[in-house]
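Accompanying notes for the structure given below.
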Amino acid sequence: MKRQVASLAELVGNTPLVKLERIGRDTPGVELFAKLEYFNPGGSVKDRAALQMVTDALADGRFEKGKTLIDSTSGNTGIALSWIGAALGFPVALVMPSNVSAARKRITAAYGAQLIYSDPLEGSDGAIRHVRREIEHSPGRYFYPDQYSNPSNPRAHYLTTAPELWEQTGGKLTHFVAGLGTTGTVMGTGRRLKELNPAIQIVAVEPAEPMHGLEGLKHLGSSIIPPIYDPALHDRKLSITTDAGWDMTDRLLKDEGLAVGHSSGAALAGAYQVARELSEQGEKGRVVAVFCDRADRYFEPGRPAPRFPYR
Ligand SMILES: Cc1ncc(COP(=O)(O)O)c(C=O)c1O
């Protein structure tokens with residue numbers, strides 16, 4: 001237990017692993033566990049990747065003093081980069097479509113990040129193009145981490161998430177299940193776990209529909225494939241519907257007292273499917289799912305949860 005730290009950055013990682021006692025009763029012989037990534041200081045799994053991208057770039061000179069970090073995210077990576085910028089003392093600029101939620105704008109701006117708005121009609125791809133134009137116009141001014149192609153993103157999970165899981169389960173986990181967004185979590189954790197024990201099954205979860213309500217996850221079939229993604233690294237890829245992800249998110253609240261985001265519900269829906277299959281075949285197992293963030297990140301006063309449009 002770290003009682004005193006020199007910087008908030010030291011508190012990234014070492015998140016708890018909790019056994020899902022109630023839901024696990026559905027799958028006799030197979031235990032279900034959740035890695036609670038919202039225990040990170042910025043409230044999500046993205047603290048790991050953001051910190052690694054910054055520290056690696058500071059170490060090899062890509063991110064020199066005087067440069068501004070720029071990226072195109074309004075989600076958890078934006079929040080992670082914003083607080084790390086404030087904690088370590090460097091400027092952050094975030095490009096996001098002007099129609100992202102007021103909550104997302106306020107959280108990142110509150111840490112002092114400069115917000116640049118791109119055309120709402122062009123979505124997240126428009127925000128990426130905007131960043132690239134900005135960098136072209138001002139050479140040498142920016143450091144652009146670009147989490148989709150930055151090897152430091154999976155490296156964070158290779159160096160931290162996987163060894164933590166190995167230690168927390170006494171090397172006894174049989175299946176690792178996580179959602180695909182940038183794919184960094186599955187790639188980095190999967191690669192290291194396979195080195196530690198090639199028998200561990202790596203299971204990736206993706207939304208079943210191109211238009212879905214599982215924020216943080218990507219439907220790869222209809223998206224630009226992240227350069228860090230290597231499909232050979234997972235043994236299996238499960239498609240989870242928005243409804244299945246949201247139903248499991250609801251169940252986690254009532255059965256386990258866990259209030260998590262919908263990508264966590266989707267990861268557990270995948271883990272549950274795997275656990276049921278094993279249990280029905282009379283096999284034993286320890287299945288771990290990654291819970292990326294908390295439910296309150298998606299609450300907005302006066303707004304109903306946006307489940308309906310995704311049906
Ligand atoms: C809520 C949430 N879930 C899942 C993911 C996916 O993680 P990764 O980008 O490592 O694939 C993210 C990433 O942004 C996220 O914010």
Side-chain angles (χ1 to χ4, degrees), residues 17-37 45 157 161-162 164-166 168-181 183 185-209 212-214 216-221 229-256 258 260-292 310:
L17 186 72
V18 64
K19 187 171 174 190
L20 303 177
E21 282 288 352
R22 221 71 38 78
I23 296 176
R25 281 184 203 151
D26 292 2
T27 60
V30 183
E31 294 172 306
L32 280 169
F33 293 88
K35 179 90 166 141
L36 303 184
E37 287 299 299
V45 69
H157 298 284
T161 316
E164 287 170 30
L165 285 175
W166 185 256
Q168 285 169 319
T169 61
K172 298 246 167 31
L173 75 163
T174 58
H175 296 72
F176 171 75
V177 187
L180 294 171
T183 76
T185 307
V186 172
M187 293 297 106
T189 315
R191 187 171 287 133
R192 184 69 189 131
L193 287 177
K194 283 281 185 195
E195 286 172 5
L196 290 164
N197 177 3
I200 296 173
Q201 295 295 291
I202 308 300
V203 181
V205 161
E206 81 167 325
E209 313 98 344
H212 62 86
L214 302 172
L217 302 190
K218 250 185 193 305
H219 178 262
L220 290 182
Y229 179 55
D230 175 4
L233 251 164
H234 50 67
D235 299 281
R236 207 171 160 187
K237 187 168 66 161
L238 298 175
S239 290
I240 301 295
T241 63
T242 293
D243 273 345
W246 282 60
D247 285 347
M248 193 54 97
T249 309
D250 290 347
R251 189 169 172 199
L252 277 164
L253 278 160
K254 297 190 173 63
D255 285 357
E256 303 284 352
L258 282 165
V260 292
H262 301 116
S263 81
S264 306
L268 185 62
Y272 186 86
Q273 186 178 325
V274 168
R276 268 210 105 111
E277 288 169 11
L278 288 171
S279 183
E280 278 162 16
Q281 288 157 11
E283 289 183 34
K284 301 228 171 300
R286 276 201 183 89
V287 183
V288 173
V290 177
F291 286 4
C292 292
Y310 301 112

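Nearest approach of R286 to F33, heavy atoms of both residues: CD-CE1, 3.8 Å. Nearest heavy-atom pair across T185 and A178 is CG2-CB, 4.1 Å. Contact record, E206 with K237: OE2-NZ, 3.0 Å, taken as the closest heavy-atom pair. What you find for L217 and P207 is that their closest heavy atoms are CB-CG, 3.7 Å. For the pair F176 and V186, the tightest heavy-atom approach, listed with the atom from each and the gap, is CE2-CA, 4.3 Å. Between S264 and F291, the closest heavy-atom pair is OG-CA, 3.3 Å.
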Report the C-alpha distance between L278 and T27 in whole Å, list the side-chain angles of each, state the deciding distance to 0.1 Å, and finish with yes or no for side-chain contact (heavy atoms from CB on, under 4.5 Å). CA-CA 8 Å; L278 288 171; T27 60; over 6 Å; no
Is there a side-chain contact (heavy atoms from CB on, under 4.5 Å) between L173 and W166? Walk through the geometry before answering. CA-CA 7 Å; L173 75 163; W166 185 256; 4.2 Å; yes
May I have the step-by-step check of side-chain contact (heavy atoms from CB on, under 4.5 Å) for L238 and V274, ending in yes or no? CA-CA 9 Å; L238 298 175; V274 168; 4.0 Å; yes
Stepwise side-chain contact (heavy atoms from CB on, under 4.5 Å) check, E283 with V30: CA-CA 7 Å; E283 289 183 34; V30 183; 5.9 Å; no
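Between T174 and K284 the shortest side-chain heavy-atom distance does not fall below 4.5 Å. Here the side chains of L252 and I23 are in contact, with some heavy-atom distance below 4.5 Å. Looking at heavy atoms from C-beta onward, Q201 lies out of side-chain contact with R236 at the 4.5 angstrom threshold. At a threshold of 4.5 Å between non-hydrogen side-chain atoms, the residues K218 and L180 do not count as touching. Annotation: side chain of Q281 is not in contact with side chain of R276 (no heavy-atom distance under 4.5 Å). Using a 4.5 Å heavy-atom cutoff, the side chains of V287 and Y272 are not in contact. Residues E209 and T241 meet the side-chain proximity criterion, which asks for heavy atoms closer than 4.5 Å. The closest side-chain heavy-atom distance from I240 to Q273 is below 4.5 Å.
In this structure, the side chain of T189 does not engage the main chain of A162 through any donor-acceptor pair within 3.5 Å. S263 places no side-chain N or O within donor-acceptor distance of the main-chain N or O of L214, the cut-off being under 3.5 Å. Formation of a donor-acceptor pair under 3.5 Å by the R22 side chain with backbone atoms of D255 is found in this model. S279 places no side-chain N or O within donor-acceptor distance of the main-chain N or O of G29, the cut-off being under 3.5 Å.
Taking the six-membered ring for Trp, H234 and Y229 have ring centres closer than 6.0 Å.
How far NE2 of H262 is from CG of D247: 10.0 Å, rounded to the nearest 0.5 Å. Within the model, atoms CZ of R192 and CD1 of I202 stand 12.0 Å from one another, a figure rounded to the nearest 0.5 Å. Atoms CG and CG, on L253 and L258 in that order, are 8.0 Å from each other to the nearest 0.5 Å. Distance check: R251 CZ to L268 CG gives 8.5 Å after rounding to the nearest 0.5 Å. Summarising the geometry, atom CZ belonging to R191 is positioned 5.0 Å from atom CG belonging to L233; distances are rounded to the nearest 0.5 Å. The CG atom of L193 lies 12.0 Å from the NE2 atom of H157; values are rounded to the nearest 0.5 Å.
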